[in-house]
Q: 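Next up is a structure, given as structure tokens.
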Amino acid sequence: MARKKIALIGAGNIGGTLAHLVGLKELGDVVMFDVFPGVAAGKALDIMQSGPVDGFDSAMSGSGDYSAIAGADVVIITAGFPRMPGMSRDDLVSKNAGVIAQVAEGVKTHCPNAFVIVITNPLDAMVWVFQQKSGLPANKVVGMAGVLDSSRFRLFLAHEFNVSVEDVTAFVLGGHGDTMVPLTRYSTVAGIPVPDLIKMGWTTQEKIDAIVARTANGGGEIVKLLEKGSAFYAPAASAIAMAEAYLKDKKRVLPCAAWLEGQYGIKDLYVGVPVVLGAGGVERIVEIELNAEEKAAFDKSCGAVRELIDASKKLVG
Ligand SMILES: NC(=O)c1ccc[n+]([C@@H]2O[C@H](COP(=O)([O-])OP(=O)(O)OC[C@H]3O[C@@H](n4cnc5c(N)ncnc54)[C@H](O)[C@@H]3O)[C@@H](O)[C@H]2O)c1
Ligand SMILES: O=C(O)C[C@H](O)C(=O)O
């Protein structure tokens, strides 16, 4: 069976890390596209040269010509600009909406059957721009954010309880911004919900509130430390988990920015919710019950995403 083809649009910090992980996990061959084709080609060659050491045979190449992505099975988009200290993700809309509109044209022309994962910020609005401009089916276009935000939440909870990250589950819903909604009630240690762990004396509500706040500010914490650019190792790992779910038809339940058509009372919006990801792309939206407080927080987050989509419409139509 021929190897799968994975196109990475954007060969920056996340793009390079994605290519490395594709090789290490033997998910397929990689084509990196960037407006700086030398960077794409140089990173591709460098990573391919680690194959003999690490034992992978993925072919890797870089290009500044969209025809190189022809026939890709999966496309992961990181093209655009990251934020700098003092900026919010929303501040990126004016620069990145136009970039994503260009990328949509390239993908539509050369690999319209691909499964597409958008990472570029502001995330939920950029997924919307990509889907509108490419016209690809909404079940084949998703945004990566919830897996990352939930992974941060899981890590902080595991540290608080002094247990393995493997035994912690967590869900973060809503838009990938300051209004994201880490769902404590649906977060567990080995199946025990966090509110029960508070009752059991494992932690306090105050400590959980601080963890929720740290999760919501997880990206900003790293931007401040790095001083030039944003997180890339955990974001890349998160997108690879999504790509793997699609390529291997794993039917994983992962929080992704997905197109809602009435679920959660929300229509015509990309926003983070749990979905089943398999060979059919988004195979099901998982509609969990939210209490009044959770629903209010989710609706507020959806409102913030709508504002960014309106701003994007003004920029790219
Ligand atoms: N969704 C998330 O959870 C999440 C997490 C981390 C970062 N991000 C976002 O991902 C994006 C990329 O982050 P990064 O750290 O890799 O940035 P980076 O600056 O390292 O890489 C971006 C790359 O995009 C390229 N590029 C710019 N315009 C392009 C165009 N028109 N066509 C093709 N390539 C183009 C640049 O040359 C650069 O190589 C940023 O917008 C960042 O905010 C999102
Ligand atoms: O914080 C950022 O700007 C990048 C990304 O959205 C993140 O959460 O790490």
Side-chain angles (χ1 to χ4, degrees), residues 7-20 31-44 62-66 68-69 75-107 117-127 129-130 133 142-153 172 174-178 180 182 214-242 254-257 270-272 305 316:
L8 306 177
I9 315 294
N13 281 337
I14 305 178
T17 312
L18 286 168
H20 196 197
V31 174
M32 300 174 88
F33 172 95
D34 202 285
V35 284
F36 295 105
V39 172
K43 286 195 180 184
S63 180
D65 184 338
Y66 269 110
I69 70 169
V75 176
I76 308 181
I77 301 167
T78 60
F81 298 86
R83 63 174 159 155
M84 297 294 153
M87 291 172 73
S88 83
R89 296 178 184 92
D90 300 359
D91 295 334
L92 296 169
V93 71
S94 54
K95 281 182 160 179
N96 287 349
V99 170
I100 296 301
Q102 275 174 21
V103 175
E105 198 54 45
V107 173
I117 302 170
V118 179
I119 301 185
T120 305
N121 273 320
L123 190 271
D124 308 84
M126 293 305 99
V127 193
V129 169
F130 179 87
K133 291 287 171 187
V142 291
M144 187 294 293
V147 177
L148 170 67
D149 297 325
S150 302
S151 183
R152 287 177 175 149
F153 196 21
V172 177
H176 182 58
D178 298 341
M180 72 176 75
R214 188 176 179 196
T215 301
N217 185 43
E221 184 178 357
I222 291 178
V223 168
K224 198 168 166 203
L225 288 166
L226 292 179
E227 289 182 9
K228 44 178 186 186
S230 52
F232 51 101
Y233 293 110
S238 303
I240 290 294
M242 293 164 65
L254 296 171
C256 302
Y270 266 100
V271 74
V305 172
V316 292

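Whatever order the structure lists ligands and atoms in, that order sets their numbers, starting from 1.
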Q: Hey, does I222 sit under 4.0 Å from ligand 2 if you only count heavy atoms?
A: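 It does not; every heavy atom stays at 4.0 Å or beyond.
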Q: May I ask you to check whether H176 has an N/O atom sitting below 3.5 Å from an N/O atom of ligand 1?
A: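 Indeed, backbone or side chain, H176 has an N or O that close.
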Q: Hey, is N121 touching ligand 2 through its side chain, its backbone, both or neither, going by heavy atoms under 4.0 Å?
A: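 Side chain only.
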Q: Less than 3.5 Å between some nitrogen or oxygen of V103 and one of ligand 1, yes or no?
A: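 No; every N/O pair is 3.5 Å or more apart.
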Q: Could you tell me the residue and atom name of the protein heavy atom closest to atom 2 (C) of ligand 2, and the distance to it rounded to 0.1 Å?
A: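 For atom 2 (C) of ligand 2, the nearest protein heavy atom is R83 NE, 3.2 Å.
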Q: Given G12, P37, P82, which one has a non-hydrogen atom that is nearest to atom 19 (O) of ligand 1?
A: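 Of the listed residues, P82 has the closest heavy atom.
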Q: Quick test of your reading of the structure: of V99, D34, T78, whose heavy atom lies closest to atom 39 (O) of ligand 1?
A: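 Going through V99, D34, T78 one by one, D34 has the nearest heavy atom to atom 39 (O) of ligand 1.
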Q: Check side-chain contact (heavy atoms from CB on, under 4.5 Å) between V316 and all other residues, then give those that pass, not counting sequence neighbours.
A: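 Testing V316 for side-chain contact (heavy atoms from CB on, under 4.5 Å), a comparison that skips the adjacent residues, returns A97, A101, V129, K133.
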Q: On a heavy-atom basis, I'd like to know which of F81, Y66, F232 is closest to atom 40 (C) of ligand 1.
A: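 Looking at heavy atoms only, F81 sits closest to atom 40 (C) of ligand 1.
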Q: Output all residues satisfying salt bridge (charged side-chain N to carboxylate O under 4.0 Å, His left out) with E221, sequence neighbours left out; order by chain, then residue number.
A: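 E221: salt bridge (charged side-chain N to carboxylate O under 4.0 Å, His left out) contacts with R214.
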Q: Mind checking whether N121 has an N or O less than 3.5 Å away from an N or O of ligand 1?
A: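 Yes; the residue has a nitrogen or oxygen that sits under 3.5 Å from a nitrogen or oxygen of the ligand.
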Q: What part of D149 sits under 4.0 Å from ligand 1 if we count only heavy atoms: the side chain, the backbone, both or neither?
A: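 No part of D149 comes within reach of ligand 1.
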Q: With a cutoff of 4.0 Å, is R152 in contact with ligand 2, counting heavy atoms of the residue only?
A: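 True for this residue.
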Q: Does ligand 1 have a heavy atom under 4.0 Å from the side chain of A231, from its backbone, from both, or from neither?
A: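 Answer for A231: backbone.
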Q: Please report whether ligand 1 has a polar contact with M144, defined as an N or O pair separated by less than 3.5 Å (distance criterion only).
A: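 Yes - when backbone and side-chain N and O of M144 are compared with those of ligand 1, one distance drops under 3.5 Å.
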Q: I'd like to check which ligand 1 atoms, numbered from 1 as shown, lie under 4.0 Å from a non-hydrogen atom of P235.
A: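 Close to P235: 5 (C), 6 (C).
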Q: Hey, which atoms in ligand 1 end up nearer than 4.0 Å to a heavy atom of F33?
A: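 Answer for ligand 1: 32 (N), 33 (C).
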Q: Of all the non-hydrogen atoms in the protein, which one sits nearest to atom 6 (O) of ligand 2, and at what distance?
A: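 Its nearest protein heavy-atom neighbour is H176 NE2, 2.6 Å.
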